[in-house]
Amino acid sequence: MKARVFVTLKNGVLDPQGRAIGQALAGLGFDGVEDVRVGRMFELTLADGTEVSTIEEMARKLLANMVIENFRVELA
């Protein structure tokens, strides 16, 4: 089974990379982009039957910095 873990910055945490991308998009003429937030995606191949709670534990312990980031798990 596959799972994807999406890690994003919590609201209110400064995102300089997202800001730079937003400015670059505006510079390329893409009007209407009000905000860009950058994150990461991990695709995990796991043994069938792996519990979502186990994947969440992986995210909390390694994949995300819980001080400044949130995550969500999507089973593929």
**Study point:** Any pair counted as side-chain hydrogen bond (donor to acceptor under 3.5 Å, both in side chains), so long as it reaches residues 45-54, sequence neighbours left out
**Key:** K2-T45
Check your understanding: With sequence neighbours left out, what residues match A64 under side-chain contact (heavy atoms from CB on, under 4.5 Å)?
Key -> V7, M66, E69, F71
Review point. In the hydrophobic cluster built from side-chain contacts under 4.5 Å, what are the other members alongside L14?
Key: none
Check your understanding: If we only count heavy atoms from C-beta on, is the M58 to L46 side-chain gap below 4.5 Å?
Key -> yes
Check your understanding: Which residues pass the side-chain contact (heavy atoms from CB on, under 4.5 Å) test with E74, sequence neighbours left out?
Key -> R4, F6, R72
Check your understanding: Tell me, do E56 and V73 make a side-chain contact under 4.5 Å, heavy atoms counted?
Key -> yes
**Study point:** Side-chain touch T8/V38, heavy atoms, less than 4.5 angstrom
**Key:** no
Review point. Cluster question for you: counting only ILVMFWY and a side-chain heavy-atom cut-off of under 4.5 Å, with indirect links fine, are V67 and V5 together?
Key: no
Point to revise | Counterpart residues, side-chain contact (heavy atoms from CB on, under 4.5 Å), relative to K61 (two or more places apart) | key: E57
Point to revise | CZ-CG distance between R40 and L63, expressed to the nearest 0.5 angstrom | key: 8.0 Å
Point to revise | Heavy-atom side-chain contact between V36 and Q17 under 4.5 Å | key: no
Check your understanding: Crowded around Q23 CD? As in, over 12 foreign heavy atoms under 6.0 Å?
Key -> yes
Point to revise | side-chain contact (heavy atoms from CB on, under 4.5 Å) partners for E34, two or more places apart | key: none
**Study point:** Interatomic distance, N65 atom CG to L62 atom CG [nearest 0.5 angstrom]
**Key:** 11.0 Å
Study note, to complete from the structure: Distance col, row L9:CG vs N70:CG, nearest 0.5 angstrom, shows 9.0 Å
Check your understanding: For atom CZ of R37, is the number of surrounding heavy atoms from other residues, nucleotides or ligands below 6.0 Å larger than 12?
Key -> yes
**Study point:** Intermediate values then yes/no, side chain to side chain contact (heavy atoms under 4.5 Å, CB included), I55 and L75
**Key:** CA-CA 10 Å; I55 302 166; L75 299 179; 3.9 Å; yes
